[in-house]
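Chain A is the first sequence line, chain B the second, and so forth, proteins listed ahead of strands; every chain is numbered from 1.
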Amino acid sequence: MSKNLEREYQALVNTDVPDLWARIEAGLDEKTTPRTPEKKIYFKVWAGLAAACVCAALIVPTVTSVMRTGSSSGSGMADKGYDNSRAETAADGSVNSVVTSDGAYINPASGMDTGSAGGFAAEAAAEAEPDHFTVTVEILDVDVRMNSGVLYTAKVLASENPNVQADSEIKIFSPAVASEGVTVIEKLETCDLMLMEDDSDDSSQETTYVLVNE
Amino acid sequence: MEEKQFSACMERMKYGDKDALHEIYEAYIGYIYSIVFQTVSNREDAEDVTSEFFMKLWRLADTYRGGNGHRAWMAAIARNMATDLLRKTKREVLTDDFSDTMAGNVPEESVEQKVLSDMSLKQALDTLKANEREVVHLKIMGDMTFQQIADILKVPLGTVTWRYQSAIKKLRRCGYE
């Protein structure tokens, strides 16, 4: 009869063993329980992810806004530049003078830049001859007469000349012609003009003033 | 206890988990105690060394690196601790240098004459020489290879296999296989 040596041997060994656990436990050194490496790793991983999310939340909107500003500024500048001044094209297509948004009439051919309306008025007043006066008018009608000039019908908004009252309509004749490079003032345009009375023999009932060009 | 389970217990012991040590204690107390007892041949000394072994295992958990053969590793530590105790007390016991021709506790002639089927395992083991019991114990309880046993006992491989075969022959005569 064979007996299982291994099984019985193991049983024999384990039954003849003293109980030493209490003695062993009493002699164990207390170990401090540090934070587990897994927790440290998890903490570092989550901290890294959180930092990445914060950086992305800060950088992405900034970059997006910078790109939008850069794309829109170019066209805006072009629009603003276009709005600030209008190059008036003469009848022959040449652009030599500009009517600004504040109504100043600029004739570069004469070599004088009148600048703003106020500046024009002040300068004109300083150099104006006694029969010259400045008016602020709104152009109501433009009648371009080729090779003879332009006849404007204008409403007076303000005038230095007591004979030319506000809210009255006057005729203004510009003897310069488009062929000379003078640009016509546009209809409904408001501007300050230096005028003088027309001394020519005119049988018409309306008083016509002449636009002074310097 | 499987290798992974043992490594997991050692890992828990790093952080002061005494229950992990208790699990190892329950699994291997008989194994370690027998190894130590076979070396010191004294119950009181065996209890002392076995207790110190598990206390040392508790400290070794801090630097333990898992691998293969935790049983052989523990057996080597326990046996060395028992041998160190013998050196301190200067007791004369059976060692690796002990001659294989030395007679055991019971003359072999009496084993042949006894009614072998009535022998208990303990009695059958008593017929073995101390160094043979040591090899049998490490082989059965430690589940080690002969090379591992040779490394622990610091004897040649051939000596280990010879002792084991001799022990098995005697036990087989007693009805144990």
Worksheet item: Does the pair B:Asp126/B:Lys170 count as a salt bridge with the N-to-O cut at 4.0 Å?
Response: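 Between B:Lys170 and B:Asp126 there is no salt bridge, as every charged N stays at least 4.0 Å from the carboxylate O atoms.
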Worksheet item: Is it true that B:Arg71 and B:Glu3 have a side-chain N and a carboxylate O under 4.0 angstrom from each other?
Response: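 Result for this pair is no, no salt bridge flagged.
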Fill in: Which of B:His137, B:Glu26, B:Glu52 touches chain A most, by non-hydrogen pairs under 4.5 Å
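Of the candidates given, the most pairs with chain A belong to B:His137.
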Fill in: Residue among B:Tyr31, B:Tyr33, B:Trp58, B:Phe37 with most heavy-atom pairs under 4.5 Å to chain A
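Highest number of pairs under 4.5 Å: B:Trp58.
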Discussion item. Rounded at 0.5 Å granularity, tell me how far CG in A:Leu195 sits from OG1 in A:Thr134.
Written reply: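 The distance works out to 8.0 Å.
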So what's closer than 4.5 Å to chain A heavy atoms on [X]: side chain, backbone, both or neither?
X        : value
B:Phe53  : neither
B:Leu21  : both
B:Asp143 : neither
B:Ser51  : both

Item to complete: Pick one of side chain, backbone, both or neither for A:Ile24, based on which atoms fall under 4.5 Å of a heavy atom in chain B.
Response: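 When you check distances to chain B, atoms from both the backbone and side chain of A:Ile24 fall under 4.5 Å.
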Practice prompt. Please list, chain by chain and in numerical order, all residues satisfying side chain to side chain contact (heavy atoms under 4.5 Å, CB included) with A:Asp167, sequence neighbours excluded.
Written response: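 Checked A:Asp167 against side chain to side chain contact (heavy atoms under 4.5 Å, CB included); matches are A:Lys155.
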Item to complete: For side-chain contact (heavy atoms from CB on, under 4.5 Å), just list the numbers for B:Glu44 and B:Glu47, CA-CA rounded to whole Å, side-chain angles, deciding distance to a tenth of an Å, and then say yes or no.
Response: CA-CA 5 Å; B:Glu44 188 176 333; B:Glu47 291 180 2; 5.7 Å; no
Worksheet entry | For B:Val49, the option from B:Ile35, B:Val36, B:Leu86 that meets side-chain contact (heavy atoms from CB on, under 4.5 Å) |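 Exactly one option meets the side-chain contact (heavy atoms from CB on, under 4.5 Å) with B:Val49, and it is B:Val36.
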